[in-house]
Peer 1: 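I'd like to ask you about the structure that follows.
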Amino acid sequence: MIWYEANLVLIEATFINFLLALSIQIPLRVGVFSFAGVGSYGIGAYAAAILTIRYDVPAFAAIGAAVVLAAVVGYLFSLVVARLSGLYLAMATVAFVLIISVLAVNGGELTGGAHGLYGALSDLTTGGVIAVCVVVAALLTLTERGPLRRRIEAVREDPELSLSMGIGVVPMRQLAFTVSGALGACAGAMNTLLRTTVSPEELNFHLIVLALTMVVIGGSRSWVGAFIGAVIFTWLPSLLSVVGEWQGVVYGVVVVLAAIFMPTGLVGAVKDLHRRIRGRNRTVPTASDDVKEEREVFETLSDDSTEGVR
Amino acid sequence: METLINAVTLGSIYLLFALGMSVAWGTIGILNFAHGSTFMISAMVAYYLVQQVSLPMPVMILIGGAVGMLVSVLTQALVFNPIQRRNPDLLKAEMQIVVGGIGVASVLLAIAQNLTKSVPFGFSASTFTIRAYWVGPVQISNVQLVILVAAAVLAGLTAWWLRSARAGLALRAIGVNPEVASLMGVDRGRMALGTMAAAGALAGIAGILLTYYLGSIAAETGDSLLISAFAAIILGGVGSVAGVVTGTMILAFAETLVVTHLSGTWANAVAFGLIFLVLLFLPRGIFGRKEVRRT
Amino acid sequence: MTTAQTAPPVLEAEDVAVHYGGIKAVDGFGLRLPAGKIYGILGPNGSGKSTFLAAVTRLVPLTRGRLLIDGREYHTESPTTLARKGLARTFQTVRLLPELTVLENVQLGADTNASGGRLRSWLGRDKPSEAVEEAIERTGLGDVRSAWPGELSYGMARRVEIARALAARPRLLLLDEPTAGMNHSERQEVSELMRKLRDEGLAQLIVEHDVQMMVDTCDHLVAMNSGTLVAEGSPSEVVSHPAVQEAYLGKRWRSHA
Amino acid sequence: AGCGGDPAESTAGEGLPDTIKVMSIKEMTGAVSFAGENSTKGVDLAVEQINEQGFLGDTKLEVVLEDGSDSTQEAASLATQAISDSSYSAILGPGLSSQASAISPIAEKNQMPVIYYQAGSKGVLTGDYTYRVTAPAESYYHIIGDYLAEKKIETAALLYNSANPTLTELGENVVPGVIEDNGVSIERSDTVTNETQDFTAVSSQIVKADTDAVFLLLLGPQNPRAVSQLRQKGYEGEIIGMTTMGAGNLETAGEDAAGVVWPSNFSARSEAPSTQEFVEAYKAKYDGEIPNNYAAEGYDATWLLARGIKEANSADRVAIQEGIAKVAQEGFDGAQGPLTFEGNDVRVEGVLASWDGSEEIVITLDGS
Amino acid sequence: MLEIRDLHVSYGKIEAVRGVSASAAPGRITLVLGANGAGKTTTLRAAMGLLPVRSGEVVLDGTPVTGRPTHRIVREGLALVPEGRQVFAPLTVEENLTLGGYTVSREKASGTLERAYEMFPILKERRNGPAGLLSGGEQQMLAFGRALMSSPRAMMLDEPSMGLAPTMVESVFGAVRTIADSGIALLMVEQNADMGLEIADDVVVVARGEVVFSGPAEQARRNTSVVRAFLGEAALGS
Ligand SMILES: Nc1ncnc2c1ncn2[C@@H]1O[C@H](COP(=O)(O)OP(=O)(O)OP(=O)(O)O)[C@@H](O)[C@H]1O
Ligand SMILES: Nc1ncnc2c1ncn2[C@@H]1O[C@H](COP(=O)(O)OP(=O)(O)OP(=O)(O)O)[C@@H](O)[C@H]1O
Ligand SMILES: [Mg+2]
Ligand SMILES: [Mg+2]
């Protein structure tokens, strides 16, 4: 219990980061390299802060409103960037994030300018945050099995093939942007309400980098990966403080090693292992008898010589 | 007019920085997020050297280039190459490479922050002194001149090499399909190492010149340049030297104009808004090759 | 089968053209595919066969022309609606999803027309349907159903493609070089399968360079060259057509005719 | 926690335990480690003095240093750890506004006294439990007035970082007010952001405006660049800055920066006796090193806390808070000179610091 | 002379090739036949250094090249036309061909470039267009032409006729014969057994990762019934 209280900030941050990581991971799963979720994080953070400070809206109503707003923005954004793909799209979304942060700095009264907003006191509890995450994870589980998973795989790996098989690629992508916006905003809003403040400094390139690192190292195909990534990168800095001034170096080395040795993320690494074990037990569809038979057939062919036949 | 020169100088700095990154990315498909730290570490090593012995600018440039090359080659050999070996599919490896680069960048940044405590450092101990000249009504300094010339020459050389030399073609082939490139007799490992060496040297040179020009840089300087460079490369279109040149210049002009006529606060918004707009109309940047895809 | 004669053709394409800048990949080609028949398209490399299939499946925009399924035009509809109307296809290159097993790849085909509401089909329990099992069995993929596409030989991968299309239980099947990379006995198996499917009422349009197999399999052949139609008719008519012989068939076939 | 010093069991006025434990959350790594490092030196010096003097009687003050780096989450997490560990009586807080704003509500809710340094943003001091020992520049910036008069400055340009709350506040409200109060007109006002590296374009504009003075309100590392580039562009007027010019930040600009002045909350050359005492002690402890403002603030923060504890005569957090409040009402002489408080926020007289090309000096104006 | 001796290749625990031997002498064509999944492609890729060899040897003109990196093997004079075309899609046709001649001198390359264009005029027509937009058959021609560019001493072809129209198959096979006659050793995997046998000098039949027959093509042609039994009725045409 003491441990829980002492590390409450990190525990909460783990779940917030989990949602943030998901907002990057969801588009990635359908093959869209988008960081717009980080921008939604900002939208959600500010929306929740403004609603709480100015209008005294209850926590879950503020979060809900922020989520809806960001989901709509996410959807509209997907319409705007419909023609973009790959790293070009990634750049456009980075631009989106940075523009949002500039807007926050220049938002005057509304956003509190460079100071940001503070005093967003609410009744959001850690339990509430965890409950939201559990619901999100449960919903995502449904997308990771059966037909929906296959559709998502198809849209990511081969959009054209998906089309010819009756899978709407464009709606799927729009949905991904919308969900990503909602999740990002949820993370941002809850973080603001837990910390009671938001400042434009939070919305920077490092947040993008953090979100990406969590997803890639945890695993980009399943919410479990995002969760593992969130756990690692929320707690790693604290754990590393034992190495003192060189913690930054150790942190970097850990990231590098993970990138090299876990090409499909931690979750992928576990799956690969499982696959390998399964592969060991699978026998080649070969029966030596068959070969023998075939060889006998050919013996007759080489009536005068069996040269070359082993 | 002076604004023009200032903008072109800023553009040239971005260019020097982005050039190496663009070449590595556009050819062998390595998007190196440690490019900024490589740049910064080169300047930092040169700084520690120049504190010991007062060195002239050309020597400093050589040192910076050498350090950048070394760092970059080590990054390739120890991080990117193992990633690619384990993941022959370039597209799949792309993300790992980005994250690996982020890791390397944090290592280098942490080292530099530790050593300098993030206090800015400069080359005031170098024998080089900055002089400003008046060319008609325009003022231009000797560092600006060096930067302009260096950027033009290096960009020209890179473009020529990529276009005419067979090695340039081989590099692009590696970027498309490393396995088939090796079937053509291309030594992928060596080519990649060579490219990264060149990219690193460019980063190092940019680090030295920028430090002279700004007077000082700090450990975090490389990171802020990284986003700008990334943006400029995308804006111009990946894999084209003309693209990087255009991209960096547009970015520099936009920023300069905003800073001088509007307000620095909006510089980022305008620059990135511009990139956003351009991408909406040209989804693969200004000089980007169209994606070859057919049914 | 009198209805087949009176009913409109399953697929009708009229004066289809697809131009890429100066390149006229297809330039005024068309055919009428009745229900329960196998039609084949022959033509030299680069004559526009694959492009025609892409146009028919709405994956590339038409420069001009008319497309009809069951007598109804569909130029403006998306490829997805076509799939739901019972059109399935394979591609000239192998396009399996690397992170799904063979079974899952085939299941993907069946997902298109899974019965029940969309929500149920997305979220419900997931057991290989009858159509999937049948497709796997008919293409002889039983042994490798749990393998990953990367582990398959080329010919095996092609079968998975066919199985995936079959799993959708289509009414109209378009096949682009389905047997490339298979040896003769394997081709014969595929050919037999197609004929059996035809007898079950499936209309098929096949593009293939194995003339012998085409002659054995198809009810009707259409020959194209440079994006246009050069000959049409029964297999024997078409292979003995001088223009086809000249542009397409090798010496072996020429001497045959 | 078994020993008699468990503050959870002691109540106000019950006397002090053998040791009082305090957590010091400082940025020892990352982008602002120079601040954490120097501040910590000041804290260490103060702790040494307090314990040697027996300022708290037999009670020893124990400061546990934790690295909050430049991460908000880390700093907030450390604060929670301190709060939930009942052996901690108070927190010497971090210097980044973002970190402080995250800690303040937690501290307030859990009644944990925190004393920040730097952290100039508005949202930092929101309740009774949080204090700050760095006076906002606006409270002493007016001392530049005499300098403006002496130098007969009539026109000025302004360049500030609009992404940083403290600097924005200065650039938008405080400095223009001070300037205009002194009859100087502002000809230009430009802004840059945290990422700005290149000041040439804006320098050209400022040179063109040809003002008598330019005010630079920038981040530490930006200062030498802006100064060098202004001078390279041929700017010859006065350059006036703020505290970020201190702490050796102008060193890399060398000669270019000679003559730059700024109102500062602290200068080692200040004549205030308590400052000189601090400087001497500091030099003695750290091999003749001259303390900068971060060190002075760390020192003052620690002394404020120690005084508060003595006043409270208890290790109880609530009592300590009340003790600090009492000390704050009276003020005291610290490294930054005579300190007074406005609410929970410190006020100092301020000095006019200047860079003479190789080191920091203090300017005393003899005119008017 | 290209010799593959007792090659074993595995994918993890799966043994795909279990002791395959095949050889091709200069000026001769060895045809490799076998069902889908027999291990033909695996053999060629392993010989080329694209897959790790578990045991066995690959010898080119007396020099063992087993286990060397692919680009070194190419420089030794062995070329592979990979299965499934594998052209560099975004590069132009001419750039693809130029890359094929990466290991030889410029003069020599420009000579072979002309030869390739002569053989496949469509490539010349499209030389400045991206290779990825070519039709399937056109890409196959490009892949073949590209391998020619390196002027190898020995060449391995993995189903060169796949996706080619009959006339094209004839001209490619004609070209293969011509190349062999110029003194190059050829190892060719083909599913088109009847046409393959017409130009081949030797035959190796692989089944489930093992060689079940190897001998002169003449023998196979004479005993058509056996080949039929194995490859199916249609194997030798009707
Ligand atoms: N997107 C495109 N852009 C430019 N040209 C194209 C494009 N798609 C196809 N072509 C060209 O159009 C022509 C027809 O191509 P298509 O793939 O339809 O031929 P095909 O008949 O299927 O040939 P094959 O039998 O070799 O597969 C080819 O010359 C090809 O290069
Ligand atoms: N990457 C892989 N991992 C595991 N097994 C593989 C892999 N690649 C091929 N195999 C298996 O190895 C065996 C031989 O495959 P290979 O591709 O060599 O056959 P092939 O003779 O070329 O067949 P085809 O005529 O269909 O091209 C097959 O059983 C195949 O499933
Ligand atoms: Mg085709
Ligand atoms: Mg094969």
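Every chain is numbered from 1 and lettered A, B, ... according to where its sequence line falls, protein lines coming before strand lines. Scope of the values below: all heavy atoms of this structure, side chains included, with no hydrogens, waters or symmetry mates.
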Peer 1: Return yes when atom NZ of Lys37(C) has more than 12 non-hydrogen atoms of other residues, nucleotides or ligands closer than 6.0 Å, and no otherwise.
Peer 2: no

Peer 1: Distance check, rounded to the nearest 0.5 Å: Glu99(C) atom CD versus Ile152(A) atom CD1?
Peer 2: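 So the CD of Glu99(C) and the CD1 of Ile152(A) are separated by 12.5 Å.
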
Peer 1: Count the heavy atoms of every other residue, nucleotide or ligand shown that sit under 6.0 Å from CZ of Arg64(C), and state whether that count exceeds 12.
Peer 2: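 Yes - once you tally the heavy atoms of other residues, nucleotides and ligands closer than 6.0 Å, there are more than 12.
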
Peer 1: Just verifying a value: how many Å separate Arg95(C) CZ and Glu157(A) CD, rounded to the nearest 0.5 Å?
Peer 2: 12.0 Å

Peer 1: Non-hydrogen atoms of chain A under 4.5 Å away: do they reach the side chain of Arg164(C), the backbone, both or neither?
Peer 2: side chain

Peer 1: Under 4.5 Å between any side-chain heavy atoms of Leu108(C) and Arg149(A), yes or no?
Peer 2: no

Peer 1: Quick one: closest heavy-atom pair of Thr80(C) and Gly166(A), and the distance?
Peer 2: CG2-C, 3.3 Å

Peer 1: Surrounding CD of Glu73(C) (heavy atoms of other residues, nucleotides or ligands, distance under 6.0 Å), is the total greater than 12?
Peer 2: yes

Peer 1: Which atoms form the tightest heavy-atom contact between Met165(A) and Gly109(C), and what is the distance?
Peer 2: SD-CA, 4.4 Å

Peer 1: Roughly how far, to the nearest 0.5 Å, is the CG atom of Leu163(A) from the OG1 atom of Thr57(C)?
Peer 2: 9.5 Å

Peer 1: Nearest 0.5 Å please: distance from the CD atom of Gln107(C) over to the CZ atom of Arg150(A).
Peer 2: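 Rounded to the nearest 0.5 Å, the CD-CZ separation comes to 4.0 Å.
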
Peer 1: Distance check, rounded to the nearest 0.5 Å: Leu97(C) atom CG versus Arg151(A) atom CZ?
Peer 2: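 Answer rounded to 0.5 Å: 12.5 Å.
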
Peer 1: Any chance OH of Tyr75(A) has more than 12 other-residue heavy atoms, nucleotides or ligands included, within less than 6.0 Å?
Peer 2: no

